[in-house]
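What follows is a set of notes on a single structure, which appears directly below.
Just so it is clear, the values below take in all heavy atoms, side chains as well, and ignore hydrogens, waters and symmetry mates. Order of the sequence lines fixes the chain letters, A, B, ..., with proteins taken first and strands second; residue numbering starts at 1 for each chain.
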Amino acid sequence: MYALVDCNNFYASCQRVFEPRIRRLPVVVLSNNDGCIIARSNEAKDLGIKMGDLPFKMLDFLTANNVQIFSSNYTLYGDMSARVMQVIAAAAPKYEVYSIDEAFIDLQGVAINELEAFAKRLKRNILQATGLPVSVGIAPTKTLAKLANRWAKKHPETDGIHVLGTDQKVSVALQQTMVGDVWGIGRQYEQMLNRHNITTALQLSLTSESWIRKSMSVVGLRLVKELKGQSCILLEEMQPPKQNICTSRSFPEIITEKEDVRKWVMTHMASCAEKLRRQNSCASAIHVFLQTNPFRMQDKQYYRSITIPLLTPANNTPELLFYAGKALNAIYRPGYNYKKAGAMVLDLVPACERQGSLFDSVDRLRAEKLMNCIDSTNAIFGRNIVRYASQGYGERWQLRQARKSPSYTTRWQDVIKIQI
DNA sequence: TCTGGGGTCCTAGGACCC
DNA sequence: TCTGGGGTCCTAGGACCC
């Protein structure tokens with residue numbers, strides 16, 4: 001059996017932990033640049049607030065209902081997530097961190113009649129250690145565990161825990177789950193299946209496997225087998241290193257000048273380089289893109305991107321910035337209102353397996369020492385305290401985050417590090 | 001009555017997830 | 001004025017090899 005542990009309304013719940021006075025008030029968390037709503041407490045959901053709603057369009061409604069609004073604070077969420085995972089690690093020998101707020105657990109070794117008690121204990125321990133409420137779904141496959149978790153969230157009488165321990169319970173859950181709510185069925189597949197009169201998870205599980213294979217590829221076939229209780233998606237205890245890394249943001253305001261765009265591209269590429277070094281990888285190619293605001297119908301639209309292969313895989317910032325600059329020169333065109341830019345590093349390889357080049361002229365050992373020095377300095381004094389001049393500086397390069405809370409759990413660590 | 005038969009690598013596009 | 005930011009996997013088709 002597998003368990004899926006999922007934090008309820010994770011970002012909103014994180015904000016609540018540190019402000020008890022909002023514990024019973026509706027809470028929403030905003031995306032980068034405070035653009036749209038990406039997390040809601042149950043009270044906010046009950047008010048009819050949707051994912052992706054635009055706060056500026058409904059400010060009156062939000063204030064009238066005393067909705068508490070927060071800019072996103074990923075430092076806080078990341079740290080709270082790590083604490084939840086620690087509790088899970090202490091409770092289970094085999095688990096998989098699936099996302100910032102979810103983990104699968106392999107329950108081999110827990111007796112069938114002990115599953116419910118195990119889940120209750122875990123839920124209580126997580127709440128006690130972090131203040132965060134979670135839901136637990138338990139079932140014979142990961143896909144069914146997802147379904148069970150959803151059931152637990154939808155049915156308050158379960159108290160956040162649901163075990164699909166018998167065929168009977170599985171088929172009831174399947175029958176009452178819409179096919180579009182199944183893990184792995186997105187909007188396109190939902191429409192396609194509905195056209196074939198498949199509307200529930202149960203109907204999907206009873207569909208001919210050869211037809212599924214033909215119209216939904218092996219991914220769909222795995223999914224259907226999982227619904228039937230045949231485990232096809234294994235637990236991944238080790239997170240494989242990323243194959244691509246991307247950093248991109250919408251600008252807080254429209255930008256027309258190339259040098260202003262450049263500062264953002266450089267900042268994003270520097271961030272990619274940092275993430276690369278953190279996972280001990282090198283990039284074989286870089287990619288840069290920029291675009292106008294597609295929502296502004298009155299503007300001339302432009303989107304362009306470019307990929308530049310590197311002679312030798314690299315992860316040092318100045319080298320990647322050099323190529324990012326060349327990339328921007330190739331794709332930038334004057335006369336547009338730019339809204340967004342991004343940098344990516346592609347085809348990542350482990351730093352220790354990097355293929356050298358006969359014609360490489362970079363002193364890589366020296367570069368590595370410099371990067372180590374910059375990374376550790378920034379780790380102590382804060383992100384981007386030491387940075388390249390081409391990244392720019394000053395208020396104009398900050399995101400809009402008008403309602404950001406303190407990073408409650410990490411600030412004291414910063415202080416300790418500085419003292420050391 | 002008739003088509004050669006293997007392969008690999010790369011890219012674009014489409015689907016999905018949080 | 002204002003519309004998020006990351007990722008993965010799979011398939012088909014084209015270009016190439018012997």
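No side-chain heavy atom of L30(A) sits under 4.5 Å from any side-chain heavy atom of C36(A).
Counting any heavy atom pair closer than 4.0 Å across all strands shown, K57(A) reaches no nucleic acid atom. I245(A) comes within contact range of the sugar-phosphate backbone alone, with a heavy-atom separation under 4.0 Å but no base atom that close. Looking at heavy-atom distances under 4.0 Å, S250(A) makes contact with sugar-phosphate atoms alone, never a base. Within 4.0 Å (heavy atoms only), N244(A) reaches sugar-phosphate atoms of the nucleic acid but no base atom. Within 4.0 Å (heavy atoms only), L30(A) reaches no atom of the nucleic acid at all.
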Show me, pair by pair, the donor-acceptor contacts under 3.5 angstrom made by side chains of residues 53-60 of chain A, not counting sequence neighbours?
| unit_1 | atom_1 | unit_2 | atom_2 | d |
| --- | --- | --- | --- | --- |
| D53(A) | OD2 | K50(A) | N | 2.7 |

Give the table of side-chain donor-acceptor pairs shorter than 3.5 Å for residues 181-194 of chain A, with sequence neighbours excluded, one pair per line with atom names and distance.
| unit_1 | atom_1 | unit_2 | atom_2 | d |
| --- | --- | --- | --- | --- |
| D181(A) | OD2 | R150(A) | NH2 | 3.0 |
| W183(A) | NE1 | Y98(A) | OH | 3.2 |
| N194(A) | ND2 | E190(A) | O | 3.4 |

Which atom pairs, one a donor and one an acceptor, fall under 3.5 Å between side chains of residues 226-244 of chain A and the rest of the protein, sequence neighbours left out?
| unit_1 | atom_1 | unit_2 | atom_2 | d |
| --- | --- | --- | --- | --- |
| E226(A) | OE1 | K142(A) | N | 3.4 |
| E226(A) | OE1 | T143(A) | N | 2.9 |
| E226(A) | OE1 | T143(A) | OG1 | 2.6 |
| E226(A) | OE2 | C232(A) | N | 2.8 |
| E226(A) | OE2 | I233(A) | N | 2.8 |
| K228(A) | NZ | E209(A) | OE2 | 2.9 |

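Nearer the 5' end of DNA chain C, as judged by each residue's closest nucleotide, is the contact made by M51(A), out of M51(A) and R222(A). Along DNA chain C, the nucleotide nearest I254(A) and the nucleotide nearest R213(A) are compared for position; the residue whose nucleotide lies closer to the 5' end is I254(A).
Counting only Watson-Crick or G-U wobble pairs whose defining distances are both under 3.5 Å, the stems of 3 or more consecutive pairs in DNA chain C are B:5-18 with C:5-18.
Taking the P atoms as reference points, dT3(B) lies 25 Å from dC18(C), given to the whole Å.
Ion pairing of K263(A) with E257(A) is absent here, as no side-chain N (NZ or NE/NH1/NH2) approaches a carboxylate O to less than 4.0 Å. At a threshold of 4.0 Å, the pair E319(A)-R364(A) counts as salt-bridged, since one of the basic side-chain nitrogens sits closer than that to a carboxylate oxygen.
With ring centers used as reference points, Y11(A) lies 6.0 Å or more from F70(A).
In 5' to 3' order, the nucleotides of DNA chain C bounding all contacts with chain A (an atom under 4.0 Å from a heavy atom) are dC2(C) to dT11(C).
Checking each of L204(A), V218(A), L223(A), V219(A) against I212(A) for a side chain to side chain contact (heavy atoms under 4.5 Å, CB included) leaves exactly one that passes, namely L204(A).
When the side chain to side chain contact (heavy atoms under 4.5 Å, CB included) test is applied to S281(A), the partners found at least two apart in sequence or on another chain are L276(A), Q279(A), L348(A).
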